[in-house]
Amino acid sequence: MAAGELDRAMQYLAKLPGLGPRSARRAILHLMKRRDSLMIPLADALRVAAERIKPCAVCGNLDTTDPCAICADDRRDGTSLCVIQDVADIWALERASGFKGRYHVLGGVLSALDGIGPEDLNLDSLIVRAAAPEVTEVILAMNATVDGQTTAHYIADRLSNCGVRITRLAHGVPVGGELDYLDDGTLAQALRARQNV
Amino acid sequence: MIEWTDDGVILGVRPHGEGSGVLNLMTREHGRHAGLARGVASVKSRGIYQPGNCVQATWKARLADQLGTYVCEPTRDHAAVLLDDPLKLAGLSAACAVAETALPEREPHPQVYDGLIALLEMMEIPELGDAWIAGYVRWEIGVLADLGYGLDLDSCAATGTNDDLAYVSPRSGRAVSLSAGEPYRDKLLALPRFLLPGASGLGAGDPDDLFRGLALTGFFLERHVFATHHRAPPPARNRFVERFAQVTTVSGGGLNA
């Protein structure tokens with residue numbers, strides 16, 4: 001029987017995505033064996049993150065400053081605005097190092113199943129940002145799913161009067177992908193979006 | 001152990017745990033049926049589990065009333081073909097949402113299933129233009145009929161003839177001729193020309209007619225199906241109708257002809 005404090009810690013760990021009660025037990029025992037080198041620094045890091053990290057009022061990104069580092073960076077291309085679903089997508093695109101503009105986090109997608117409508121997303125602030133004179137392109141970087149593309153089409157409609165070029169990410173064969181292992185839908189999309197060589 | 005294999009259309013997937021999902025399928029012989037599918041979030045499988053895609057599904061459970069598990073093989077990918085067409089994508093979402101909301105669980109409706117397959121195939125034919133929307137309206141009429149709220153559009157409720165039919169009674173769901181219905185036109189629903197007896201596509205591309213058709217079926221679905229079960233009409237259907245209204249210039253759509 002674990003002490004009450006250990007039980008409480010395990011219950012919280014078990015709530016994390018990908019962790020169940022058994023994984024939480026293993027994790028807490030691992031941390032207990034590395035109390036000074038891992039457990040205490042982890043607890044400090046989590047406490048600092050909870051105290052200092054907040055959503056950026058401009059784009060919705062998570063950072064210790066508001067506006068966030070990306071919004072405050074004058075070296076970024078202010079003419080290009082990339083609309084993404086969640087903060088994790090910012091991290092993915094920044095890792096790819098291919099985009100030098102600014103971001104706007106919607107906070108989800110329109111979902112008939114989950115009852116998420118336009119009023120539940122950060123759309124009004126997006127319209128305001130897209131209408132700014134310096135913005136010339138809005139990139140819709142939604143997931144290639146029915147809900148993601150439905151949201152992209154809806155946003156394109158809302159932005160149609162803003163006088164900006166509206167683009168979306170390409171869909172098709174992933175790098176390293178072998179044609180024989182791809183699903184029919186991806187192959188069909190790739191064929192439709194083929195380009196001159 | 002209970003097991004069956006059936007053809008199905010994916011209506012929706014709700015994430016469950018780290019990589020699994022509760023799949024809601026419209027199957028031909030077993031009706032709208034849920035089950036747990038493992039690996040729906042994997043890189044290989046993500047493209048399969050989109051609303052509107054067709055699969056061959058094997059369902060297993062120890063007891064009949066359990067959720068059970070699905071193993072699915074993709075047979076036709078409709079979602080990817082329609083992703084770039086806003087109106088067709090909205091139509092696909094609306095059809096899946098209506099099927100999910102209107103149809104009772106585990107009750108076979110093979111004609112509704114066959115109609116849904118035909119509608120999805122119509123959507124992939126670019127030469128049809130917007131005429132697939134007439135197919136959508138006919139599919140919703142089929143849903144109403146299967147649920148016991150069929151419309152009788154073959155003859156006038158007042159005169160018994162099938163000449164000059166122009167309206168539908170919101171109370172009885174029966175057609176009404178132009179002459180019999182004219183004094184009450186403000187209270188009657190417009191009957192689109194493509195639903196006239198022997199129409200064979202007449203007016204199937206006319207935006208006004210298509211809008212009247214959507215308004216007609218939307219009225220009866222809301223009154224007899226959704227409201228009866230205390231459910232709101234699915235937002236996906238409302239967005240589909242709004243998008244169609246945006247892309248067409250509609251005159252006098254709604255209750256009046």
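Any value given below was found using the heavy atoms of this structure, including those in side chains, with hydrogens, waters and symmetry copies removed. Below, read A as the first sequence line, B as the second, and so on, with proteins coming before strands; counting in each chain starts at 1.
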Flag if over 12 foreign heavy atoms under 6.0 Å of [atom1], [X]:
X	atom1	answer
B:H224	NE2	yes
B:Q111	CD	no
B:W4	CH2	yes
A:R76	CZ	yes
A:E134	CD	yes
A:R35	CZ	no
A:E51	CD	yes
B:R106	CZ	yes

Is [X] in contact with chain A via its backbone, its side chain, both, or neither, using a 4.5 Å heavy-atom distance?
X	value
B:P51	both
B:N238	neither
B:R237	neither
B:R243	side chain

Option that, when pairs with chain B are counted at under 4.5 Å, heavy atom only, ranks first among A:L110, A:T145, A:T150: A:T145
Please tell me if the side chains of B:V81 and A:R192 come closer than 4.5 Å, counting only heavy atoms from C-beta onward. yes
Approximate separation, where rounding is to 0.5 Å, of [X] [atom1] and [Y] [atom2]:
X	Y	atom1	atom2	result
B:Q246	A:S160	CD	OG	8.0 Å
A:T186	B:D77	OG1	CG	7.5 Å
B:R239	A:D157	CZ	CG	12.0 Å

Under 4.0 Å between a side-chain nitrogen and a carboxylate oxygen: does that hold for A:R168 and B:D84? yes
Proximity breakdown for A:P118 and chain B, heavy-atom pairs closer than 4.5 Å: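 Side chain of A:P118 only, per the 4.5 Å heavy-atom cut-off to chain B.
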Heavy-atom pairs under 4.5 Å with chain A: which of B:P86, B:G12, B:A80 has the most?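 Option with the top pair count is B:P86.
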With no hydrogens and no angle check, is any side-chain donor or acceptor of A:H153 less than 3.5 Å from a backbone partner on B:L87?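 It does not hold such a pair.
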B:L83 versus A:Q189, closest heavy-atom pair with distance: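 For B:L83 and A:Q189, the tightest heavy-atom pair comes out as CB-NE2, 3.7 Å.
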Which pair of heavy atoms, one from A:V146 and one from B:S93, lies closest together, and at what distance? CG1-OG, 3.3 Å
